[in-house]
Amino acid sequence: MSDPFKRPFEPAPPAPAPGGIAARARGAQRAAYLEGLNPEQREAVETLDGPVLVLAGAGTGKTRVLTTRIAHILSLGRARASEILAVTFTNKAAREMKHRIGAMVGEAVEGMPWLGTFHSIGAKILRRHAELVNLKPDFTILDVDDQIRLLKQLIAAADIDEKRWPGRLLATQIDGWKNRGLTPDQVPAGEGAVFGNGRGRDLYAAYQARLKTLNAADFGDLLLETIRLFREHPAVLAQYQARFKYILVDEYQDTNVAQYLWLRLLAQRPSAATSTSPRRGEVDAPSASGEGGPASPSQTLSPPHPTSALRANVDLSPRGRGEAVPAAMPNPPHAPPKNICCVGDDDQSIYGWRGAEVDNILRFDHDFPGAKVIRLERNYRSTAHILGAASHLIAHNEGRLGKTLRSEGEAGEKVVVSSSWDSEEEARAIGEEIEQLQRRGHRLDEIAILVRASFQMREIEDRFVTLGLPYRVIGGPRFYERAEIRDAMAYLRLVNQPADDLAFERIVNVPKRGLGDAALQSLHDLARARGVPLLEAARAMSTSEAVKPKPRAALRDLVAAFDRWRAQRDTLPHTELAEIVLDESGYTEMWQKDRSADAAGRLENLKELVRSMEDFENLQGFLEHVSLVMDTDRGEDLDAVSIMTLHAAKGLEFDTVFLPGWEEGLLPHQRSLDENGRAGLEEERRLAHVGITRARKNARISFVSNRRIHGSWSSSLPSRFLDELPEQHVEVLEAKGGFAGYGNAYGSRFDTTAAFGSSYTTPGWRRAQKNRGGFEEDPHEYSQVEPEEPTGRMRDIGSRRPPAGGGNGTFKTSTARSTPGFAAPSANGTPARRAPVTIEGELVARSTGAPSAFATGDRVFHQKFGYGRVRAVDGNKLTIQFDKAGEKKVVDSFLNKA
DNA sequence: TTTCCCCTGGTTTTT
DNA sequence: CCAGGGGAAA
């Protein structure tokens, strides 16, 4: 038994008693995977009994602990793979865990059927018992568009002004209620009355009823309905309680109330719950009982949570949602909680705004009495300077459990703080610096730019396009969220399931068939009158004399097409069927005719969709996958700089990280401050902390003095977080712009800037208190004062023109930007070209001499700007008159001949 | 029914 | 400033 892990998971030997001889004997031999763990990690892996909370700071080996723990459980024979419940938030995390466990234990990862996201596991359970919650096992999982369309109909039906009360808002509201585990009858009356003149709660109830009719569930239902299932059917619950011997939860700080309740139900011992009635302990949940009875009105406010011994500081619990937060873990003393292990980091809780309750993690030892808390504080990622800066910053938060990250590495370089006049200059500075790094051999895919808000990306992208610097935007509209993909999916759904009315509504008139609102309305009426799906109603109407000839023909063709496709469903391979559907429906043609910039990209996406179907056995399997897994990792192995939001960066790491836009109002985001006060501020601080801790070697923070907000310019103040960085770990670069009082205004604690005679000498946060919004001014006024850049490489007078002057930066962004189709830019690994010298926006010189393959007058296509014609050629720099985006100067590697 | 223009609002985003 | 949605004209 030299390598016991080559053995498949199942069948596992019967679970021996803890500490049994066999286990110990095996354990002694199998300690290989435990090697290389530090003592805390090892403790986290080996403490198998009872509740465990692992507080894992950034870069401390969280995933490793989780995966090793699973391997450990399996190898000790404590449980079979199918008896372990392991939940993550994202599919990506689930995939990664599967992968790593597989690497550690052998091939048989498929033997972990209960490793997945909360939602996918919820769906799995729900399908098994669908009848018990008034669904059929093949229920549809709604996407957001469907949801909103449905809500709009309900709002209209209730005769509520849809303008004042948009469907989207109600969707958000309902989502919020579901996140908090509230069924319609549990929504506090006051809150339920906010929407639509007191009708919010009724609409929610109507929506739920409608979902049942449609045999559909939305994302929230995957959790909430499972909870309801468990509450109303204790025998079912008991079955799962008995099955899951070990529960592991990743990113516990991100769990919302519904997820918490879900876990809590599963984490109870099965014994008591096998009885037919809900347990006493359940009473403290938001619902009075599991029997669907209304929550007692007196429950709208619960007492403040008992202070947790775990918690170092006072709770901030901000959002006034106390009523939704359940009280303690209900396990009576005789039934200790099961073996649940939650891993998380309260300092990385950045999703409060979408329902995550930091409180869940802060309260863990109270919820799970006798919990063992293990802190992982040894960071293997970042240098001491970076960690020092991050730790000191986050220490300003009060609502935290408290950890101190220690670096296991060298001191490295200090965190660099710099400033720019405006965001255009900031983008330029970043671009320049990256070129420099590139010249020194720094890989581009080890560089990331992390922004607070996505609008910040635009100028950076713009700059990179000009420089020919390859980049990729992470996040943004995901593949399956693109309109063309959803349309295609709707066609396929309807082929698969002719009763899918929401899919029908989506595509009746896409492409345009002359079937507008009027036609749809009469279809609805007929469908309702006869109690048939819309497609059937369409069939009836297509032969009815009452319908005008034109729409009648359109309906006839549509119905015939679906009949045809459905007949082909069982005879043709599903990929082929998909192609046929897309072509015969005229959908492909619609985009082919479309001359807009992103049409080509959309067609490409459709091809990609069909290609991705190959991985599935049949249409059914594919559709199930897509509704749950909304991301495709179309990993591009291009060496490119990553640009993303701070939120999207969680869990990632890079050698060098740029953090632009650290200004009051943007990094502590104004809205966060306004809406959530101190708790909001603390979440913003965690965001800043997440940003810094993404860096392994270099972190470069910057802020600007002037920012354009909604079109008009206003001066901005440096972020208060800058003042919270410890001096000894930070190097402040002198502002290049040199406008005393602005770029250098910040940093009362940094000598470097004092010489500039800042008028702001109070700490940044206090500065921010007074007179926010600043005053407006024209940066142009100062342009003459601008000294030459220290590098002397570039004199960019052009950028000093008032940015409002238009011309530059007025292009239309398209969704294609997340897949910039770089024609393998030559920048790859080659010595970076110098930045072009520009005067008044004119390109006068350029350092690459390579002649361009394009000539004046050529028709070209650009991924971002669309089609255009070459106006002028200057080496590899071309001036293009784009059809839509206007005149631009672009590097030729970004162009294709059209 | 479609198209065009006006109006509004404009962090973050998974499932 | 600028994108997306909704209402009014063609």
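No hydrogens, no waters, no symmetry mates; every other heavy atom, side chains included, goes into these values. Sequence lines set the chain letters: A, B, ... in the order given, protein chains first and strands last, and positions in each chain run from 1.
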Under the 3.5 angstrom rule, does the side chain of [X] hit a backbone N or O of [Y] as a donor-acceptor pair?
| X | Y | answer |
| --- | --- | --- |
| Asp175(A) | Gly220(A) | no |
| Arg127(A) | Phe139(A) | yes |
| Arg506(A) | Leu502(A) | no |
| Asp422(A) | Glu425(A) | yes |

- Query: Do the side-chain N or O atoms of Thr645(A) get closer than 4.0 angstrom to the phosphate oxygens (OP1, OP2) of dT13(B)?
  - Reply: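 Yes, because at least one side-chain N or O of Thr645(A) sits under 4.0 Å from OP1 or OP2 of dT13(B).
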
- Lys152(A) side chain N/O closer than 4.0 Å to the phosphate oxygens (OP1, OP2) of dG6(C)?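 Lys152(A) to dG6(C) OP1/OP2: side-chain N or O found under 4.0 Å.
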
Separation of [X] atom [atom1] from [N] atom [atom2], in whole Å?
| X | N | atom1 | atom2 | result |
| --- | --- | --- | --- | --- |
| Gln259(A) | dT14(B) | CD | C1' | 9 Å |
| Met457(A) | dT12(B) | CE | C1' | 10 Å |
| Lys512(A) | dT3(B) | NZ | C1' | 10 Å |
| His647(A) | dT15(B) | NE2 | P | 15 Å |
| Arg354(A) | dT12(B) | CZ | P | 13 Å |
| Glu357(A) | dT14(B) | CD | C1' | 17 Å |
| Asp218(A) | dT14(B) | CG | C1' | 13 Å |
| Lys550(A) | dT2(B) | NZ | P | 9 Å |

- Query: Say you draw a straight line from CG of Leu224(A) to CZ of Phe219(A); how long is it, rounded to the nearest 0.5 Å?
  - Reply: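 One finds 15.0 Å between CG of Leu224(A) and CZ of Phe219(A).
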
- Inter-nucleotide C1' distance (dT13(B), dC2(C)), Å rounded: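 Rounded to whole Å, the distance is 22 Å.
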
- When you compare dG4(C) with dT11(B), how far apart are their P atoms, in angstrom units rounded to a whole number?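 Approximately 14 Å lies between the P atom of dG4(C) and that of dT11(B).
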
- Task: Before accepting this row, confirm whether a basic side-chain N of the pair Asp218(A)/Lys178(A) lies closer than 4.0 Å to the acidic partner's carboxylate O.
- Result: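 Answer for the salt bridge query: yes.
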
- Message: Here's a test of your reading of the structure: between Leu222(A) and Pro551(A), which maps to the more 5' nucleotide of DNA chain B?
- Response: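 Looking at the nearest nucleotide for each, Pro551(A) comes out on the 5' side.
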
- Between Arg513(A) and Ala648(A), which has a closest nucleotide on DNA chain B that is more 5'?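 It is Arg513(A) whose nearest nucleotide is closer to the 5' end.
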
Have a look at [X] and say if it touches a base, only the backbone sugar-phosphate, or nothing, with a 4.0 Å heavy-atom cut-off.
| X | value |
| --- | --- |
| Ala518(A) | sugar-phosphate |
| Asn509(A) | sugar-phosphate |
| Asp517(A) | sugar-phosphate |

- Query: Do His647(A) and Trp353(A) come within less than 4.5 Å of each other through their side chains, counting heavy atoms only?
  - Reply: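 Result yes, sub-4.5 Å side-chain heavy-atom pair found.
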
- Message: Contact between Met541(A) and Arg552(A) at the side-chain level, heavy atoms closer than 4.5 Å - yes or no?
- Response: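 Side chain of Met541(A) against side chain of Arg552(A), heavy atoms only: no contact under 4.5 Å found.
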
- Where each pair must be Watson-Crick or G-U wobble with both distances under 3.5 Å, what dot-bracket representation of DNA chain B is obtained, with crossing pairs in [ ] and other-strand partners as |? ||||||||||.....

Distances under 3.5 Å between protein N/O atoms and the N/O atoms of nucleotides 8-11 of chain B, please, pair by pair.
from	atom 1	to	atom 2	distance (Å)
dT11(B)	O4'	His669(A)	NE2	3.2

- Message: By nearest atom, which of the nucleotides dA3(C), dT12(B), dT15(B) is closest to the Arg458(A) side chain?
- Response: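 The answer is dA3(C).
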
- Message: Quick one, Asn397(A) with Asp347(A), criterion side-chain hydrogen bond (donor to acceptor under 3.5 Å, both in side chains). Give me CA distance, side-chain angles, the key distance, then yes/no.
- Response: CA-CA 9 Å; Asn397(A) 270 8; Asp347(A) 292 335; 5.4 Å; no

- Please report the C-alpha distance between Thr255(A) and Asn360(A) in whole Å, then the side-chain angles of each, then the deciding distance to 0.1 Å, and finally whether the side-chain hydrogen bond (donor to acceptor under 3.5 Å, both in side chains) criterion is met. CA-CA 7 Å; Thr255(A) 47; Asn360(A) 286 347; 3.1 Å; yes

